[in-house]
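For reference, the structure discussed in these notes is given below.
As a basis for the values below, the full set of heavy atoms in this structure was taken, side chains included, without hydrogen atoms, waters or symmetry mates. Reminder, nothing fancy here: chain letters follow the sequence lines and each chain counts from 1. Predicted model, so just to flag it, every value in this text is computed and none were measured.
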2 protein chains.
Amino acid sequence: MSTSSPDVTSSVSGSLPRQRRTYSIGELARMFEVTPRTIRFYEQEGLLAPERRGQTRVYHEKDRVRLKLTLRGKRLGFSLAEIREVIEMYDAMPDGNARQLKRLLEILGEKRANMERQLEDIRLMQRELDDVESRAREVLDRLARQGA
Amino acid sequence: MSTSSPDVTSSVSGSLPRQRRTYSIGELARMFEVTPRTIRFYEQEGLLAPERRGQTRVYHEKDRVRLKLTLRGKRLGFSLAEIREVIEMYDAMPDGNARQLKRLLEILGEKRANMERQLEDIRLMQRELDDVESRAREVLDRLARQGA
DNA sequence: GACGACGTTGACGTTAACGTAAAGTGGTTG
DNA sequence: CAACCACTTTACGTTAACGTCAACGTCGTC
């Protein structure tokens, strides 16, 4: 459904002549260093919807990009449910009503805020690490001088 | 044990005349918007070690700072076990041997790398959000013009 | 035609990080 | 003193995100 959506990947890949490359579940798994189980689980959770050729799943560029975005979201601490929410709204966008779109903007705002806080957290954490590291080096130095 | 350690908080709080303020578990919980249960759990996992006055826990500045760092670490996606590892090594630092200290520096390096990747992830994710948002606004605009 | 590599579904197991409920302790306040 | 509050321990429950295992189908090839 809604496969009429222009192209989820275009924001990243630009407008190269469509690559008709496809992937097996194993290939994707190796590419992103996850297990096939994980990929099937993501599908079950509504994050992926690969084509079926007979029994087996066939993944296109669109699916690969989705997986990439999903994993990136995960590294940033988003739950699969949150990620799915955004993906679903993105898919429904072209024929979405105003209320849905505003809700989407709302969600995006939350994500943004979240990331701003993460940036601040990282800044602070890096300072702490600097501090701990310099202390550790001091102690090491002292040990070296004494031990020698 | 190892309460002889100079002061865990000094890196942040500077060298103000020691604040002898203490906190109850409930106060801390409200301050950081977590439940007492969470704080007790962190203690059980070796992240906190509050004083005991009789039966009840008494938290000092040092504990508050630890909690703050713990929660920050969590927001950055570190597990409690990872956080504890760093805290333990920090505590053991003054009388730690060279091997331990080098291990600490190693861990700090990993954390740093992790955060570098997160920074990159955030940068990329922000671009995606920009993109999705501008598309959503376009559609909204179109709807508004048509609807009017 | 057996074998191995890869794919499939289904079901149960596991881990982290708490939530929640029960039952008791200790202080103070009307 | 009774009632209430905040705190305590113990223990079982819960959720997310997979892991693991069984049992089976489908190729290509030796």
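Protein atom CD of B:E33 is 18 Å distant from nucleotide atom C1' of C:dG19, rounded to whole Å. Between the P atom of D:dA17 and the CD1 atom of A:I83 lies a distance of 8 Å, rounded to the nearest Å. For the pair A:R40 CZ and C:dA11 P, the computed distance is 16 Å after rounding to whole Å. The distance from atom CD of B:E82 to atom C1' of C:dA17 is 14 Å, rounded to the nearest whole Å. If you measure from atom CG of B:L28 to atom C1' of D:dC7, you get 14 Å, rounded to the nearest angstrom. Taking atom CD of residue A:E45 and atom P of nucleotide D:dA16, one finds them 8 Å apart after rounding to whole Å. Here C:dC18 presents its P atom at 13 Å from CD1 of B:I25, a figure rounded to the nearest Å. Whole-Å rounding puts the A:F41 CZ to D:dT15 P distance at 14 Å.
In this structure, B:S24 does not reach the D:dA6 phosphate: none of its side-chain N or O atoms is under 4.0 Å from OP1 or OP2. B:Y42 has no side-chain polar atom (N or O) that falls below the 4.0 Å cut-off from OP1 or OP2 of C:dA17. For A:R37 and D:dT20, the shortest distance from a side-chain N or O to OP1 or OP2 is not below 4.0 Å. For the pair B:R53 and D:dT8, the criterion of a side-chain N or O lying under 4.0 Å from OP1 or OP2 is not met. For A:K74 and D:dA16, the shortest distance from a side-chain N or O to OP1 or OP2 is not below 4.0 Å. Between A:T56 and D:dT26, a side-chain N or O to OP1/OP2 separation shorter than 4.0 Å is absent.
A donor-acceptor pair under 3.5 Å links the side-chain atoms of B:R52 to the main chain of B:Q55, judged by distance alone.
Between A:D131 and A:R135 there is a salt bridge, since a side-chain N of the basic residue sits under 4.0 Å from a carboxylate O of the acidic one.
You'll find the side chain of B:N97 stays beyond 4.5 Å of the side chain of A:L143, heavy atoms only. The shortest distance between side-chain heavy atoms of A:L104 and A:Y90 does not fall below 4.5 Å.
Residue contacts for A:R57: at a heavy-atom cut-off of 4.0 Å it reaches the sugar-phosphate backbone alone, with no base atom in range.
Side chains of A:Y23 and A:E61: a donor-acceptor N/O pair is present below 3.5 angstrom, by distance only.
Where B:Q55 and A:V58 each meet DNA chain C at their nearest nucleotide, the meeting point lying more 5' is that of A:V58.
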